[in-house]
Amino acid sequence: MEKILTDKVKEAVFSLYNRQVDEKQIQLQKTSKDFAGDITLVVFPFLGFSKKKPEETGKEIGNYLQENVKEITGFNTISGFLNLVMDNKYWTDLFGKMVNDRDFGFKKKGSLNKTILVEFSSPNTNKPLHLGHIRNNLIGYALSKIFEANGYRVKKVNIVNDRGIHICKSMLAWQKWGEGITPEKAGKKGDKLVGDFYVKFEQEYKKQIQFLIEKGANKDKAVRSAPLMKEAHKMLRRWEDGEQEIIDLWNRMNSWVYKGFDKTYKSLGVSFDKIYYESDTYKTGREIVLSALEKEILFKKEDGSVWVDLSEEGLDEKVLLRSDGTTVYMTQDLGTAFQRYNDYEFFRQIYVVGNEQNYHFQVLVLLLDKIGYKWAKDIYHLSYGMVELPEGKMKSREGTVVDADDLISEMIDTARDMSEELGKLDTYSEKQKEDIFRIIGLGALKYFILKVDPRKNMIFNPKESIDFNGNTGPFIQYTYARIKSVIRKATEKNIKIPDKTDVRFEPNKKEIELIKLLAEFPKIVQDADFQMTPAVIANYCYELTKEFNQFYHDFSILNAEDDETRIFRLQLSEVTGRIIEKGMGLLGIEVPERM
RNA sequence: GGCCCCAUAGUUCAAGGGAUAGAACGGAAGUUUCCUAAACUUCAGAUUCAGGUUCGAGUCCUGGUGGGGCUACCA
C-alpha cells in the first residue's frame with residue numbers, strides 16, 4: 001500500500017503542479033490517534049510547488065488521491081497534514097491474508113541466499129558469566145532470530161578467550177591452594193570454582209604488593225615484581241611452549257568452565273552454531289601479521305615488536321606482536337575473522353561487543369582493509385552499552401558483580417512466589433508449574449533487557465527494576481495465556497475457528513485498530529533488521545498487547561452478538577496470539593499456554 | 001591532555017526533522033453477578049543550559065555544564 005500511495009502522490013503532484021518529486025520528500029506515516037484517518041501524508045514539502053497554503057495543497061492532493069485510489073474513502077487536512085481515511089474493507093481484506101498466512105511478517109528462511117555471522121557472548125574462561133554477558137547474549141541471540149526472519153541464513157558464533165595470563169592466574173592459584181579440588185568434590189559449577197581461584201590469586205597478589213610497598217618498593221615495581229605475578233607469567237610461557245603438565249591442567253580447568261557455561265547458556269536459552277577458541281585462532285593471526293610484515297604493510301621496531309601505523313587514518317600506531325613474539329588481542333581477532341570468512345564467506349559479520357571496545361573494532365576493520373581483505377567493510381560492530389547498577393558500574397573488587405546463574409534463579413523464584421500467591425495454577429503438576437515459572441521468570445528478565453535500545457547504557461536494579469506488571473514480559477505473556485484460554489474454551493464448546501475469512505460486516509473501531517496494528521508487524525520485523533535492534537520488536541509486542549487487552553476488556557469474544565462476530569473475534573484473537581508468539585520468539589522469549 | 005558516546009516526568013524506558021513529547025513503575029482515585037484483575041479506566045508529572053539551521057528541532061550544527069568510555073607489548 002505504501003508503495004502505491006507513494007506512486008500516486010508523485011502522480012498527483014505532477015498532474016497538479018507539473019513537478020517531479022523526490023521519493024524522499026513523500027512522507028507517509030500512521031495517523032496520530034487524536035485525528036480521524038489511517039494514513040497521513042505530510043504536505044509541507046510540496047508547498048514550494050503548489051505555492052498555496054498547506055490546507056489547500058492538502059485538499060488538492062487529497063482529492064486526487066481519493067479519486068485515483070479506490071481504498072481511500074475520504075480525507076481531512078489539518079494544517080500541513082493530509083489524513084487519508086481508508087475503506088474498512090481494505091483492513092478486513094488485509095486481515096483475511098493474516099488469518100491465512102502462518103508466516104505473516106516473516107520472509108522465508110535463507111531466501112536471500114546471504115549469510116550473516118553473529119558473534120556474541122565471547123567469554124573469558126577465568127570467571128563465570130555475569131549480567132553484562134546476559135545482555136550480550138540476549139542481544140546476539142535476538143538479532144540472529146531477527147535476521148533469520150528477514151530471509152538471511154544466520155550463523156551464531158562464539159569466540160572463547162581460553163588462553164592468556166588471566167587463565168594462568170586461576171591455574172596457579174588452584175595448584176597452590178586447590179588441594180586437588182574439583183567441581184564434583186566442591187559441589188560447585190566449574191566456572192564458579194575456577195572463578196574462585198582467580199579471586200584467590202588476586203587477593204594473594206594484592207597482599208604481596210602491599211608487603212613490597214611496605215618494604216619500600218614503589219607501586220609500579222611492586223606490581224611487576226610480586227612473586228605470584230612472576231610465576232603466572234612463567235606459567236604462560238610454559239603454556240606457549242606446550243609443556244604437557246601445563247597443557248593438561250589448562251585442558252582440565254577449561255573443561256570445568258565449559259561445563260558451567262553450557263549450563264548457563266542452556267538456562268538462558270541461547271545456543272551457537274560454532275564456537276571458536278582463541279587458543280586456536282591466535283596462530284592464524286600471527287601468520288597473517290608475519291605475511292603482512294613481509295609485504296611491508298606493517299613494520300618492525302628495533303626491539304622486534306611488530307606494529308601497524310594508522311596515523312594516515314587518523315589513529316595511532318598499534319602493536320600486533322610483542323617483542324618476545326607473542327600475540328596480543330588484536331592479533332587473535334585478525335585470525336578469528338579470517339577463519340570465519342574461510343568458513344562461511346559471510347555477507348555481513350556482526351560483532352556484539354560492548355562499547356568500551358569501539359576503538360579496538362575501528363582498528364580491526366582498518367587493519368583488515370589495509371592488509372587487503374575485501375570483506376573488511378562487511379564487518380559491523382554492534383556496540384552495546386554498559387549495564388550499570390543504581391550505585392554505578394559493577395565492580396568485582398567490591399563484590400557487586402551480578403552473577404548470571406543467580407540472577408536467573410532469582411527471577412524464577414520471584415515468578416514462583418507471585419504465581420503461588422495468585423494461586424491460578426494449583427491444579428497443575430509440579431513439573432508443569434516449574435516450567436511456567438521458568439518461562440515467566442526468564443520472560444521478565446529478557447524483556448526488561450531487550451526493550452532497551454542496545455546502543456544505550458542501561459541501569460539495572462536487581463531488587464526493583466524487574467516488575468511483572470506494566471511494560472514487562474509477563475504482561476505480554478499473560479495476554480497470550482488469556483488468548484489461549486479463550487480459544488480453549490471455544491474448542492470445548494465445539495466452535496471451530498476457520499483458517500480463512502471473508503469479513504462482510506463492519507468491525508468496530510477497536511477491532512479495526514487491532515487489525516491496523518497487526519498489519520504493521522512485517523514492517524516492524526524489517527525495522528528491527530535495518531536498525532539492528534530487538535527493542536523495536538519488544539515495544540511493538542507491548543503496544544499490540546495493550547491494544548488487545550483493551551479490546552478484550554471492552555468486548556466479549558465468546559458471548560459476541562452473533563456467530564459471525566464471534567468467529568471474527570476468535571480469529572482476531574488467534575492472529576494476535578500468533579503475532580505475540582512470533583514477536584516474543586524473535587526476542588528468544590517463550591510464551592505460556594496458561595499462567 | 002586527546003578522541004568517542006550519552007543527557008527526556010520522582011525512577012526506568014519510547015518517540016525514522018513533522019501534529020498536543022508516548023509508556024511503565026511509584027503517587028492519587030475508580031472498575032469484577034461477565035471469556036484469567038499478572039487486567040482495564042481516570043488524574044498529577046519531563047526534553048540539562050545558551051545560541052544557530054529549518055515552514056517545523058527531543059531529534060541536525062556550535063558552545064557550556066554534568067555523566068560514561070577509550071587513549072596498555074591487558075582482553
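Each chain gets a letter, A, B and so on, in the order the sequences are listed, and its residues count up from 1.
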- Start at the 5' end of RNA chain B and walk down; is the nucleotide closest to A:Gln550 or to A:Ile440 reached first?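 The residue whose closest nucleotide sits nearer the 5' end is A:Ile440.
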
- Note on the structure: Comparing nearest nucleotides in RNA chain B, the 5'-proximal residue of the pair A:His166, A:Phe460 is A:Phe460

Take atom [atom1] in [N] and the same atom in [M], then report the distance between them in whole Å.
N: B:A19; M: B:A15; atom1: C1'; answer: 13 Å
N: B:C5; M: B:U59; atom1: P; answer: 16 Å
N: B:G66; M: B:C49; atom1: C1'; answer: 11 Å
N: B:A57; M: B:A21; atom1: C1'; answer: 12 Å
N: B:G56; M: B:A72; atom1: P; answer: 46 Å
N: B:U32; M: B:G67; atom1: C1'; answer: 48 Å
N: B:U8; M: B:A14; atom1: C1'; answer: 10 Å
N: B:U20; M: B:A28; atom1: C1'; answer: 24 Å

Measure from [atom1] on [X] to [atom2] on [N] and round the result to the nearest Å.
X: A:Tyr198; N: B:C74; atom1: OH; atom2: P; value: 14 Å
X: A:Leu41; N: B:A19; atom1: CG; atom2: P; value: 15 Å
X: A:Tyr552; N: B:A38; atom1: OH; atom2: P; value: 11 Å

[options]: which one has an atom nearest the side-chain heavy atoms of [X]?
X: A:Tyr542; options: B:A75, B:A24, B:C35; value: B:A24
X: A:Lys489; options: B:C13, B:A75, B:U36; value: B:U36
X: A:Asn124; options: B:G18, B:A14, B:A75; value: B:A75
X: A:Pro45; options: B:G18, B:G69, B:A75; value: B:G18
X: A:Arg482; options: B:C35, B:A37, B:U12; value: B:A37
X: A:Thr31; options: B:A19, B:A75, B:A39; value: B:A19
X: A:Gln357; options: B:A38, B:G69, B:A75; value: B:A75
X: A:Gln332; options: B:U36, B:C40, B:A75; value: B:A75
X: A:Ile459; options: B:U12, B:A14, B:C74; value: B:U12
X: A:Glu278; options: B:C4, B:A75, B:C35; value: B:A75

Determine the contact category for [X]: base if any of its heavy atoms lies under 4.0 Å from a base atom, sugar-phosphate if only primed atoms, P, OP1 or OP2 are that close, otherwise nothing.
X: A:Leu425; answer: nothing
X: A:Val42; answer: base
X: A:Asp453; answer: sugar-phosphate
X: A:Phe530; answer: nothing
X: A:Met458; answer: sugar-phosphate
X: A:Ala481; answer: base
X: A:Phe555; answer: base
X: A:Arg594; answer: base
X: A:Leu558; answer: base

- Message: Could you check whether A:Thr533 and A:Asp453, counting side-chain N and O atoms only, form a donor-acceptor pair closer than 3.5 Å?
- Response: no

Output yes when at least one side-chain N/O atom of [X] is less than 4.0 Å from OP1 or OP2 of [N], else no.
X: A:Gln29; N: B:G16; answer: no
X: A:Ser485; N: B:U36; answer: yes
X: A:Asn469; N: B:A39; answer: yes
X: A:Tyr359; N: B:C70; answer: no
X: A:Asn549; N: B:C40; answer: yes
X: A:Lys451; N: B:A23; answer: no

Just name whichever nucleotide pairs with [N], Watson-Crick or G-U, keeping both distances under 3.5 Å, else none.
N: B:A28; answer: B:U42
N: B:G22; answer: B:C13
N: B:G1; answer: B:U71
N: B:U8; answer: none

- Query: When rounded to the nearest 0.5 angstrom, what distance separates CD1 in A:Ile567 from CD1 in A:Ile497?
  - Reply: 7.0 Å

Would you say the side chain of [X] and the base of [N] hold a donor-acceptor pair, judged only by whether the two atoms sit under 3.5 Å apart?
X: A:Ser419; N: B:A38; result: yes
X: A:Thr40; N: B:A19; result: yes
X: A:Asn83; N: B:A19; result: yes

Salt bridge check: are [X] and [Y] linked by an N-O gap of less than 4.0 Å?
X: A:Arg286; Y: A:Glu240; answer: no
X: A:Glu313; Y: A:Lys318; answer: no
X: A:Arg569; Y: A:Glu561; answer: yes
X: A:Lys516; Y: A:Glu513; answer: yes
X: A:Glu2; Y: A:Lys523; answer: no

- Is there a donor-acceptor pair under 3.5 Å between the side chain of A:Ser32 and the backbone N or O of A:Phe35?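 Here the side-chain-to-backbone pair does not exist.
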
- Item | Aromatic ring of A:Phe81 stacked on base six-ring of B:G18, 5.5 Å, 30° |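 Check failed, A:Phe81 does not stack on base of B:G18.
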
- Query: Between A:Phe44 and B:G18, do the rings stack, that is, sit under 5.5 Å apart with planes less than 30° off each other?
  - Reply: yes

- Message: Is the positively charged end of A:Arg135 above the ring of A:Tyr384, judged by distance under 6.0 angstrom from the centroid and angle within 45° of the axis?
- Response: no

- Verify whether the ring centers belonging to A:Phe460 and A:Phe448 lie closer than 6.0 Å. yes

